[in-house]
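Written out below as structure tokens is the structure these notes cover.
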Amino acid sequence: MQYWLFKSEPDSYSFQRLALEGRTEWSGVRNYQARNYMKSMQVGDLGFFYHSNTSPPGIIGICRVIRTAYPDFTALDPQSPYFDPRASAAKPIWEMVDVAFERPLERFLPLELLRAHQPLAAMALVQKGQRLSVQPVAAKEWQAILALALQPDAVADPE
DNA sequence: GCCAACGTTGGC
DNA sequence: GCCAACGTTGGC
């Protein structure tokens, strides 16, 4: 059982949409490191759902891996924005997992708040220049974020 | 809209 | 194998 963080631009695919649809294919990842993380995922792994490239960016909810990695067929589809001419059925190159809606966080956690929270100082997400769309989350970071979400909005971060 | 950081490409 | 140029990500 491992923890992850999935980034998505809400204009492209939002957590609200996942809530409506129940599950989705996490297709379109075109970064080798992110792909390799997906290949190591197991059914039942949990992930934070992060809204990027929006104002404000942050973690909005939780999703769950429901299918392990398999070939990302959008890479083979010339009509897809994720088409990759190097990919073939025999060598798909890119893979994806399926994820399901789990639950929203008790409150939205903006990146600014996560950055200011000392227990998350080493978290990949808050490192300068990081842009991996799929990344691992340490168990301690996972628990710290769950706890943070339970703090009422008005309460200042004690750190 | 700007631009820093990053990954990839391709010439050499 | 090096590294400059380029395209993309994503915070601000």
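In what follows, every chain begins at residue 1, and chains take the letters A, B, ... in the order their sequences are listed. Heavy atoms only: backbone and side chains are in, while hydrogens, waters and symmetry mates are out.
Q127(A) contributes a side-chain N or O that, together with a main-chain N or O of A121(A), makes up a donor-acceptor pair within less than 3.5 Å.
Where Y32(A) and K128(A) meet DNA chain B, the nucleotide closest to each residue was compared, and K128(A) sits on the side nearer the 5' end.
C63(A) and L18(A) make their closest contact through CB-CD2, 4.0 Å (heavy atoms, listed as atom of the first residue, atom of the second, distance). Heavy-atom minimum distance, T74(A) versus G28(A): OG1-N, 4.1 Å. The minimum heavy-atom distance between S12(A) and Y82(A), with the atom names listed, is OG-OH, 4.4 Å.
Within the 4.0 angstrom heavy-atom criterion, only backbone atoms of the sugar-phosphate kind lie near R86(A); the bases stay farther away. Looking at heavy-atom distances under 4.0 Å, R115(A) makes contact with sugar-phosphate atoms alone, never a base.
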Pair up each side-chain donor or acceptor in residues 134-149 of chain A with any protein partner under 3.5 Å, not counting sequence neighbours, and list the distances.
from: Q135(A); atom 1: OE1; to: L125(A); atom 2: N; distance (Å): 2.9
from: Q135(A); atom 1: NE2; to: Q130(A); atom 2: OE1; distance (Å): 2.9
from: Q135(A); atom 1: NE2; to: L132(A); atom 2: O; distance (Å): 3.1
from: E141(A); atom 1: OE1; to: A138(A); atom 2: N; distance (Å): 3.0

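A donor and an acceptor atom, one from each side chain of D98(A) and Y70(A), are located under 3.5 Å apart.
Tested against F6(A), the residues W26(A), Y50(A), Y13(A) include a single ring pair (Phe, Tyr, Trp, His ring centres under 6.0 Å) partner, W26(A).
Residues of residues 50-62 of chain A that place a heavy atom closer than 4.0 Å to DNA chain C, in numerical order, are Y50(A), S52(A), N53(A), P57(A).
Of all nucleotides in DNA chain C having an atom under 4.0 Å from a heavy atom of chain A, the first and last in 5' to 3' order are dG7(C) to dC12(C).
Once rounded to the nearest 0.5 Å, the distance linking CZ of R107(A) with CD1 of I59(A) reads 11.5 Å.
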